[in-house]
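Excluded from the calculations below are hydrogen atoms, water molecules and symmetry mates; all remaining heavy atoms, backbone and side chain alike, are included.
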Amino acid sequence: MTKLVSHPKNRFRHLAATALFALASSPSAASFSSPSLGSWGSIVRGGSLSPQSPLPTARSSLLQRSLASTTTTDLSEASTIAGDTMKPAEKLEALRAKMKELSLDVMIIPSDDPHLSEYVPEAYMRRKFMSGFGGSAGTAVVTQEEAHLWTDSRYWNEASMTIDGSLWTLQKQGQPKVKTIVGYLGDLAAGRFESHGALKVGIDPFVHPASFAKDLKEAFAESAKKELDRSDDANPIGELDTSHPNLIDPIWGEARPEVPYNAFRPHPLEFAGASVAEKVESVRKEMEEKKATMTVFGALDDVAYLLNVRAMGDVDTCPVGIAYATVTNDEITLYCDPRKVESAEVKEHLKEVTIKEYDAIVDDVKAHCEAEGNKVWIDCSRSNLAISSVIPEKLLVDSQNAITPMKACKNDAELEGMRKAHVVDGAAMAKFIAWLENAIVNEGKSVSEVEIDEVLTGYRAEQPGFLECSFPTIAGVGPNAAIIHYRAVEDEVMKHLDASQPILIDSGGQYTYGTTDVTRTWHFGEATEEFKDTYTRVLKGNIGVDSMIFPEDTPGFVLDVFARKALWEAGKDYGHGTGHGVGAALNVHEGPHSISPRFGNKEGLKKGMVVSNEPGYYEDGNFGIRIENLLEMQYVKPEHNDPSFEVGPAEKKFLKFARLTMIPIQKNLIKLDLMTKAELDWLDSYHAEVFEKVSPLLEAGSPAMKWLEKSCEKFDRS
């Protein structure tokens, strides 16, 4: 899954799709409904559950969990949120009235929750409520006269279709003449300062990063000097007001969903690889080095990793729970809804942890700062402004927290869990593609993108330890594959796959022991020469990165060119990064490392990190191609795994990639004349490894085994 890909998530389609398979044989399946899920009639549609198209049977426990969990984004594909009956103009009118009452000139409405998460519970989708735009990236800015929405190129089409153009102006972030938000506010402040005084900008400090206040202050100073030829120090042209409760929630009213409070579950030591006590000990050692007496963890995956807990339902597809954590020299504290820790199992697991109310975090950090000699360590880039603002600058240690590198560099148990997850994922994919190829090629059917999504999830649900998808599945036929963040729903945009068009499928699973993410592009008919040429160049880029040997601590951007070389030679490129970090039974997107053409991320690559390798190419209105494997980083020389091994002054430790993803690559789309012998050898070696690891999980003579055998045969070089 590309790091740029972030999608509106309909939890129903992923968890409940597996339950749908279990209900398929029930006479009442087509009319099943519940208050939280609504009617299933639109999913149980003609043909998709017929005896001619057998589907895997899902476990009933998945149905129970999907009904019992507090869901966060049910039916989120809609441009409006469930229960929202206000008209767009009414929302803006209500907001502006409140702004006027509070003397606010501007209100900023971001995408974030208090933990700055990539995916957020529906209760925090305030920008979507106000504007109608539900993409994962975007910020709304409202003044008394105007309303603007900033978003990047992934979402320009979606935004233009979902916002009311008579009320909102789309700011196409990244375009040459489009200002940044702080640049826009700086110029706005300068333009009105002499007639109206300082521009007063309102924000909710809980959903803005700690860095935002600094960025805005700098923008005001720059505009004051540039536009007014004056210093902004004595009499600023703008000011930030964080003193009011969130202004959107009263407008949303009772229709606003409740913040979810699904229970934590212990993450077993056999998968975690290190106990809570061991992790806390490591944190405290680093606190001592930084002379910090408290460290604060605000990112949900940091909290989950530190305390070896996971949750399901708070944030769709992410096994984390809404909470903060702090570590001091003598206490570990978890701030969360008490309903999340009611079970005896969780209480026993967290018996050394103090549990406090979720909202107590700010006061506790503030109180800690008031004691003489205390200092607080917090990563301001991953923490909200409300928490960081109560820490005096002289008491602040602002740097990457201790959990980030621990989480990124997987231990042996975590890596073993990731390997296992990818093998069972390979078995699920073999069953799925065997089914899909048979439906298209042998039965001559056309299969909708939505059904493809559902059936694939069903095959994953058969695998031991499967919990939910690791992100919303992308299943794009033909031109829909060129929409990088595409999400199929039953509308006029949805397409059906047949032998005449290719399909790009980007999907993954959350298992109790690991997280998967894989993209393959398939064509079950005769592809054009142009398609094959581009497909081969994308594959060459994937092999180019996969085959790299490089010194430890090399930044990821150094490797990016190898993914693009073959495409560049044909005058082609792609707009997203090549690789993102992946959590171990955690979030599918994880930092701090990446492989990207952007030079800003200088984080060095290290042993134990997991990264995606996903070059692609997208031709608007025609097709999209992406080939993605997950890779783990290993030392080239096994002796370097010994922590006591000392490297000489002229020697470096070098890394190589080991493949995690165990899913064949379609061979008949490859142009032989573009491939080198080394690349063909790589392909044969990879397929031999896939067959060796996945075939024991498949039944001899089954359609899946036959498909795997054929797909893993050596490439015909004649």
Between atom [atom1] of [X] and atom [atom2] of [Y], what is the distance when rounded to the nearest 0.5 Å?
X: Glu93; Y: Lys87; atom1: CD; atom2: NZ; result: 11.5 Å
X: Asp215; Y: His208; atom1: CG; atom2: NE2; result: 12.0 Å
X: Leu216; Y: Ile108; atom1: CG; atom2: CD1; result: 6.5 Å

Requested in this report: For the pair Arg192 and Glu145, find out whether any cationic side-chain nitrogen is under 4.0 Å from an anionic carboxylate oxygen.
Outcome: no
Report summary line: Residues at least two apart in sequence or cross-chain that pass ring-ring contact (aromatic ring centres under 6.0 Å, His included) with His148, listed by chain then number, are Trp150, Tyr184
**Report entry** Within the 6.0 Å centroid threshold, strictly below: His115 and Tyr335
**Finding:** no
Flag, side chain of [X] to backbone of [Y], donor-acceptor distance under 3.5 Å:
X: Arg310; Y: Leu586; answer: no
X: Arg230; Y: Asn235; answer: yes
X: Asn587; Y: Glu590; answer: no

Can you establish whether the number of heavy atoms outside [X] located under 6.0 Å from its atom [atom1] is more than 12?
X: Gln175; atom1: CD; answer: yes
X: Lys366; atom1: NZ; answer: no
X: Glu288; atom1: CD; answer: no
X: Asp491; atom1: CG; answer: yes

Query - side chain to side chain donor-acceptor pair (under 3.5 Å) assessment of Tyr486 paired with Asn480 - result: CA-CA 7 Å; Tyr486 179 67; Asn480 285 347; 3.1 Å; yes
**Report entry** Summary of salt bridge (charged side-chain N to carboxylate O under 4.0 Å, His left out) pairs that have at least one residue in residues 163-182, sequence neighbours excluded
**Finding:** Lys179-Asp187
Report task. Determine, step by step, whether Asp517 and His580 satisfy the side chain to side chain donor-acceptor pair (under 3.5 Å) criterion, reporting the C-alpha distance in whole Å, the side-chain angles of both residues, the deciding distance to 0.1 Å, and the verdict. Result -> CA-CA 11 Å; Asp517 177 6; His580 58 83; 3.2 Å; yes
Query raised in the report: Cation-pi between Arg382 and Phe297: NZ/CZ under 6.0 Å from ring centre and within 45° of the ring axis?
Result: no
Query raised in the report: Residues in salt bridge (charged side-chain N to carboxylate O under 4.0 Å, His left out) with Lys375, at least two apart?
Result: none
Query raised in the report: Passes side chain to side chain donor-acceptor pair (under 3.5 Å), Tyr324 versus Thr333? Steps please.
Result: CA-CA 8 Å; Tyr324 300 99; Thr333 306; over 6 Å; no
